Each structure stands twice: as structure tokens, then as C-alpha cells.
2 protein chains.
Amino acid sequence: MATIKDVAKLAGVALSTASYALSGDSKVSTKTKDKVLEAARQLNYRKNGFAMDLKRSRTNTIALILTDLSGPYYSELIRSIQDVALTNGYDMIACSSMGGQDSTAVRFLREKRVDGAIVLAQNITDDTLLESAGDRFPIVVMDRELTGSGLINVRVDSEHGGYTATKYLIDAGHQTIAYISGPSNSSDNALRYQGYLRAMHEANLEEKAKWRLGGNFVREGGYSATKMMMMQGDMPSAIFYGNDEMAIGGLKALEEGNISVPNDISIIGFDDIQLAEYLTPPLTTVRQPKHESGSLAGHLLFQMLNKEEVNEAYKLTIELIERASVQQLIPMNNEK
Amino acid sequence: MATIKDVAKLAGVALSTASYALSGDSKVSTKTKDKVLEAARQLNYRKNGFAMDLKRSRTNTIALILTDLSGPYYSELIRSIQDVALTNGYDMIACSSMGGQDSTAVRFLREKRVDGAIVLAQNITDDTLLESAGDRFPIVVMDRELTGSGLINVRVDSEHGGYTATKYLIDAGHQTIAYISGPSNSSDNALRYQGYLRAMHEANLEEKAKWRLGGNFVREGGYSATKMMMMQGDMPSAIFYGNDEMAIGGLKALEEGNISVPNDISIIGFDDIQLAEYLTPPLTTVRQPKHESGSLAGHLLFQMLNKEEVNEAYKLTIELIERASVQQLIPMNNEK
DNA sequence: CTGAAAGCGCTAACAG
DNA sequence: CTGTTAGCGCTTTCAG
């Protein structure tokens, strides 16, 4: 691999001159510059990224850290953050935190291989985040309420989302409502569930243990939780799935059991993934402002990178998307 | 930020000792090691990633380069490659090539910020790939038939896929078959289309220009191409969508126009994304062996990294997934 | 404008 | 086992 030294030699100039020419500095005559560029071309010279980063101690890159790079939910988020990065002249890379504390993601945080990070990965501990963040390394977390030096969070109001979804079901006349939950270590899930509980209590409705099943936020989980509920024999009048993925699985289970949605049972999801509107029936759900939250997180990160003042925590509101998976048992506009 | 020098000083040992202790080398006494580790903890010392990479001139990281990190199609691929990387003790990062030649992805290739890459991104030119690849930097391309020094490809047999899909439609008794194509710069699309053409010619069926529309491989594209076809008034008996995403859009357009699938028209997709089976009706499609191709690409990359011999090109076969979006007009088992 | 020289933080000989 | 030393490839003063 040719180095800048080789280029300088071939072009017959000093090392520094070559460096300046290569980075487009204006203190080099056009003629010399051309000579250097030509030499570089001939040698198929490529800057060595690390050397540059090491010297500059800046990478011009931010990382987006996700538990799992796959999954439809993340798509929009990735895109919105990428856009912000691009407009700020930064690169963005996505790393998975699969593997927990030994993952690529954690290494990137610890070893500061990027200039800052946006994190949405439950399997990274608070400690790691707190430890890695700092003045010179801003982090924006999106999945918990953590703050610290160089560490802020932007969140979606999940509690309110859970409340809204449940309230909507109740207002439609449903009295028995199941909640299919996500993983227990997910603060989002806990909040959605809390919102569900608040709405239930407010309406003096009982929350039954047999109708509180775990689906781990994945399709198969929703499917088997629903199957299990069906096997119990006693179905609620509505099911609130902690996220859309689980609702999709649930829909399948219901269909297989010849239970019609929304005629026999109503279901509501959470997230509003792209797919939701293509389901049969189109899924009523709670929209997460993915684009907004991604953009916001991105913008905040760059503000921190530029040493501007930002708040410690941001909360975005959700929106209920009415589609066709919930049956209105009683006319809309009732109290309680 | 504390450096290894500070750690060594605090621990009262030499620089190299600290380095050895920190990397878990066995030539350091447990006692000294503990001292060093303790000092590191106190200083909240973190290795500087670049310095290490620069010195080692190895990153232990591979990159997966995709046009767009979002999109359901990639999810499985990402996962399978990530798995392979993990088992090989490597990290994987995903970069988007959004921005073409100026993108993060191209920078990573050019500046060799990783040890090797798997590329599935049409907007990166052959030249860039050829130039970046080499003995010390293996690349596996998945979206074109390019080979070169340190550059191999693994592909899915798209032509055969296109042929199979079309043949299936013809065998089912369909005579007028439209093809909704992807972007013109996609070699996959070209191949699928070629397969379509071959099957049509073989059956002496005519391919009409008015039934060859572009949908750019995206949902909205499939939607508007279908709408356009509907506006023309003359519908074919079957539509072959170049990928499932476009078929989803098409399905929506058809539904809006009260055209029933598969009663009024049959449709077939390509890819077999997760969603396909959840559609109404479940989509008949051509399955791409995403998991297999991802794993294969990953394995090959690691073989190259280990200087093992590999072939230049690999081709995986597709599989037709019969679901409910194609109507059998004539009994199955006919000739031609 | 150009050239020499000093490191960025780390690893890995090499000689005690 | 420990300490000294020489760079990895690049940027960037600082004098010519």
C-alpha cells in the first residue's frame, strides 16, 4: 500500500506539501498540486483512515447502535438519522449490539472509534453508557431515561401511548382487554403497560393475569401468546399488543382459529410500522414519531458535538392511528 | 482522556508492561497485572481504537455495505452475515452507500477502515470496487457479476428465477403477463426480466410494451405502475412484479380498483420477504436464499481474509413459493 | 510556498 | 518478566 511518503517522493516534493495538496489546502500552487495528484493516481494511493483519525483525533463519523440491525421498526429511524448526519457532513455507521457487552457496539463506544453515538439497545448497560459518554463523546439514548455527562435522552411518551390505546378500546365499549407484553427488561414495554393499567383502573376495569402474556416484541411471540390465550378458552373482547410485530403474529393465530378481527375480537398495536396498514384488517395502532425522534436525536447529537447547550431529556408525543382492527361496540362519544 | 502512558505511570511500571497487561498477555505477573488494571480503572482508561488499528494495521471488523440500511429485504441478510462475523471473532458494521461516491461506504472502502467488505449496493461503481479490493482487502459483491483481485461475487440465479416465475404463470394458463421492473441499473432486475422474456418466447407468448412498466423496486413504484396499467384499461391476466415490495404496492392499487386477486388477476412477486405470507392473499413468489447467500458471502470473506483459495463466483438457486395470489386457470400438469 | 521535525497512542521487537 | 525504543501514516507547526 502506497503511503503519502511514496507520493511525495514520486512527485518530487516534500511530505507536507503532498499532505497539503491531498487535503486540498490552498497554500499549494496548482502546478505542484497537479503533480502530487498525478503521482497519487499512479500509485493508486489511498489515505489511511486510522492514521488520519489518530492524528486528528476526530473521525467525522457517528454510530447508531441498535440491538438488531434487522427489523422493520428501525428502518425509518435509521434513515432519518442518516439524513441528519449527511447534512452535517458526517458519516454514520450502524452497529449491532448483538453479543451484549462484548459486541461491536460496545467496543465502538469504549474505544471511541466514532465521535458520538445514538443508542437504542437495551442490552447495553447504563454503566457502559455513563462511562463512555462525556464531554468529548456525546451520546443520545433513545430507550431509557438515563442522563449524565455528555449523555441525554429522547423518548417517546410510551406511558401516554399505552394509556391512549387502552382508553380508545374502553371508549369503544370493550371491557375485557388483554395486554401482550414485550421483554421484561424493556423500559418501553413497562411504560406501555403502565399506561394500560392506568386506563384500566380509571375505568374500574379489572386486569386479569391470564390475559397478560409475554410475546417478547417479536412476531412469533405474539403468535404463541395468542394461541395460548385461545387454548385457555376464555377470550377477552380486545387485545392490546405491546407492538405491531406481535399483533401481526396474533392476527395469524386468530385467523387460524377462525376468530374474526374485528367482529369477534378487536386488536390494537403499537409503533405503526409500515406494514400495519397492509394487514387484514388494517391495524389500528399507536404511531411512534420515528422520523421525528430520529431527526431530533441526530440534531441534538450534533449540537452536543458543537458544544452547544441542550436539555437533558426530550419527550415526544404519540398519535393514535385508527384503522379497522377495532370494533366500535358502542357509539363513539360516550363518557368513561 | 487517559492514555496508556498515564496508566503505566500510575501503576509504576513501564509502558510496555502496561500494554501487555492490558491486552492480557501472559508474560506479566498476576500482581503487576492487577496493579495495572487497577490503575486503568482509576483513570477510567480506554484504549484508543485508532492507535491500535494503526499499529496493528488490522481492525478486526468487516463492513456490510448496503444502498439503504432500511428495507425489509436486507434484514435477514444482515443477520446472517453478522452471525458469521461473530463466530469468526470479528465485528461487523453496516454502512449505507446513500450519497454514492461520496458516501460513508465508499470512504470506508477507500480508506480501508475495515479489513474487508460485503457489498450490495448498486450505486457503487465497479471501478471503486476494483480499485479498493486487493490481496490485503477482500470484497465480496452480491449484486453483480464482477470479479478481480481480491474481489469475488456470490449471486442468486435471477435469470432462472424470472424464468421460473413466468413459467409458473404460463403453466397455470396465463397468456398475457405483465412485468413490472426495478431500476434500470440493477443487474438483478435485468436478469429477472431476461428470464421472463425467455419463458415468454419459449411459450410463443408476446411481450407487450404497455405491460412493461417500471416500479423502481419500491412499494410506491409498484402502486403507481399498477394504477397506470389500470388506467390504460386493458389488464393482463397476470402480473409478475420484479420484487415483493412492488407487489405489495400493486396489491393495494388493485384492491382500490376492486380488482380481486387472484380471481380477476394473478400476481407473483420476487424475494419472499417476511411479509409476503401475511398479505391478502398470501403472495406467491420466488424465494431468494437470503440466509444462505449471506452466510456464504460471510464465509468466503473470512476465507479470503485467511488467505485461503476461493472460487471467483458462486451462484445460488431460487425456489418458487406457492401461495394464493395466482389462479390456476387450467389443471396443473400440462405441457407448455 | 516548501521542507524538516514533532508527535497522535499504541504495539512489538529487543535487550536487560 | 520488565524497560527502552522504533515506528504505524498522517497532520501541522515552524523556520526557511
Side-chain angles (χ1 to χ4, degrees), chain A residues 1-37 39-40 43-61 107-108 110-115 132 134 136-137, chain B residues 1-37 39-40 43-61 107-108 110-115 132 134 136-137:
Chain A
M1 201 87 284
T3 76
I4 198 170
K5 217 162 147 183
D6 302 319
V7 175
K9 196 187 291 171
L10 182 63
V13 300
L15 194 64
S16 60
T17 311
S19 173
Y20 287 134
L22 257 11
S23 15
D25 221 322
S26 54
K27 3 181 186 288
V28 181
S29 73
T30 320
K31 216 177 96 195
T32 314
K33 198 176 195 165
D34 286 348
K35 234 174 18 189
V36 174
L37 260 27
L43 293 169
N44 188 25
Y45 165 77
R46 295 279 101 104
K47 251 192 184 87
N48 177 316
F50 319 125
M52 203 171 98
D53 291 343
L54 173 56
K55 188 60 194 178
R56 287 237 185 95
S57 62
R58 255 197 47 206
T59 63
N60 239 268
T61 304
R107 252 195 47 199
F108 267 67
R110 282 202 201 293
E111 299 177 1
K112 310 269 183 287
R113 280 160 194 279
V114 286
D115 294 349
S132 306
R136 325 239 327 118
F137 193 84
Chain B
M1 201 88 283
T3 78
I4 198 170
K5 219 162 146 183
D6 302 319
V7 176
K9 195 186 295 170
L10 182 61
V13 300
L15 193 64
S16 60
T17 310
S19 173
Y20 287 132
L22 256 11
S23 13
D25 222 321
S26 54
K27 0 180 191 289
V28 181
S29 72
T30 321
K31 216 178 96 195
T32 315
K33 197 177 195 162
D34 286 349
K35 232 175 19 188
V36 173
L37 259 28
L43 292 168
N44 190 22
Y45 165 77
R46 295 279 101 103
K47 251 192 184 82
N48 177 318
F50 319 126
M52 203 172 98
D53 291 341
L54 173 57
K55 186 61 195 178
R56 284 238 186 96
S57 60
R58 254 195 52 205
T59 63
N60 238 269
T61 304
R107 251 194 49 199
F108 267 67
R110 283 201 201 293
E111 300 178 1
K112 310 269 183 288
R113 278 160 194 278
V114 286
D115 294 349
S132 306
R136 325 238 329 116
F137 193 85

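Keep in mind it's a predicted model, so treat the numbers as computed, not measured. Within every chain, numbering begins at 1; the chains are lettered A, B, ... in the order of the sequence lines, protein sequences first and strands thereafter. Only heavy atoms go into these numbers, but all of them, side chains included; no hydrogens, no water, no symmetry mates.
S16(A) and S19(A) share no side-chain donor-acceptor pair at under 3.5 Å.
Note: CZ (R56(A)) to P (dA6(C)) measures 22 Å, nearest angstrom. Whole-Å rounding puts the K33(A) NZ to dC1(C) C1' distance at 13 Å. L54(B) has its CG atom 12 Å from the P atom of dC10(C), to the nearest Å.
If you take CE on M52(A) and CG on N60(A), they are separated by 7.5 Å, rounding to the nearest 0.5 Å. The distance from the NZ atom of K35(B) to the OG1 atom of T17(B) is 9.5 Å, given to the nearest 0.5 Å. Distance check: R107(A) CZ to K112(A) NZ gives 13.5 Å after rounding to the nearest 0.5 Å.
For the contact set between residues 13-23 of chain B and DNA chain D, defined by any heavy atom under 4.0 Å, the members are V13(B), A14(B), S16(B), T17(B).
Applying the 3.5 Å distance criterion, the base of dG9(C) shares no donor-acceptor pair with the side chain of K47(B).
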Inset, instruction - Evaluate the side chain to side chain contact (heavy atoms under 4.5 Å, CB included) criterion for residues R46(A) and E111(B): first the C-alpha distance (whole Å), next the side-chain angles of each, then the deciding distance (0.1 Å), finally the verdict. - result: CA-CA 6 Å; R46(A) 295 279 101 104; E111(B) 300 178 1; 6.0 Å; no
Legend entry - Full working for salt bridge (Lys or Arg N to Asp or Glu O under 4.0 Å) between R136(A) and D115(A): CA-CA 8 Å; R136(A) 325 239 327 118; D115(A) 294 349; over 6 Å; no
Legend entry - Full working for salt bridge (Lys or Arg N to Asp or Glu O under 4.0 Å) between D53(B) and R113(A): CA-CA 10 Å; D53(B) 291 341; R113(A) 280 160 194 279; 2.4 Å; yes
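When all heavy atoms of A8(B) and A18(B) are compared, the pair lying nearest together is CB-CB, 3.8 Å. Of all the heavy atoms in T3(A) and Y45(A), the pair that sits closest is C-CE1, 3.5 Å.
Rotation axes derived from the C1' atoms of the five outermost pairs at either end of the helix from dC1(C)-dG16(D) to dG16(C)-dC1(D) lie 40° apart, to the nearest 10°.
The span of DNA chain D lying next to chain B, judged by atoms under 4.0 Å from heavy atoms, is bounded 5' to 3' by dC1(D) to dG9(D).
Between the side chain of K55(A) and the main chain of F50(A), no donor-acceptor pair closer than 3.5 Å is present.
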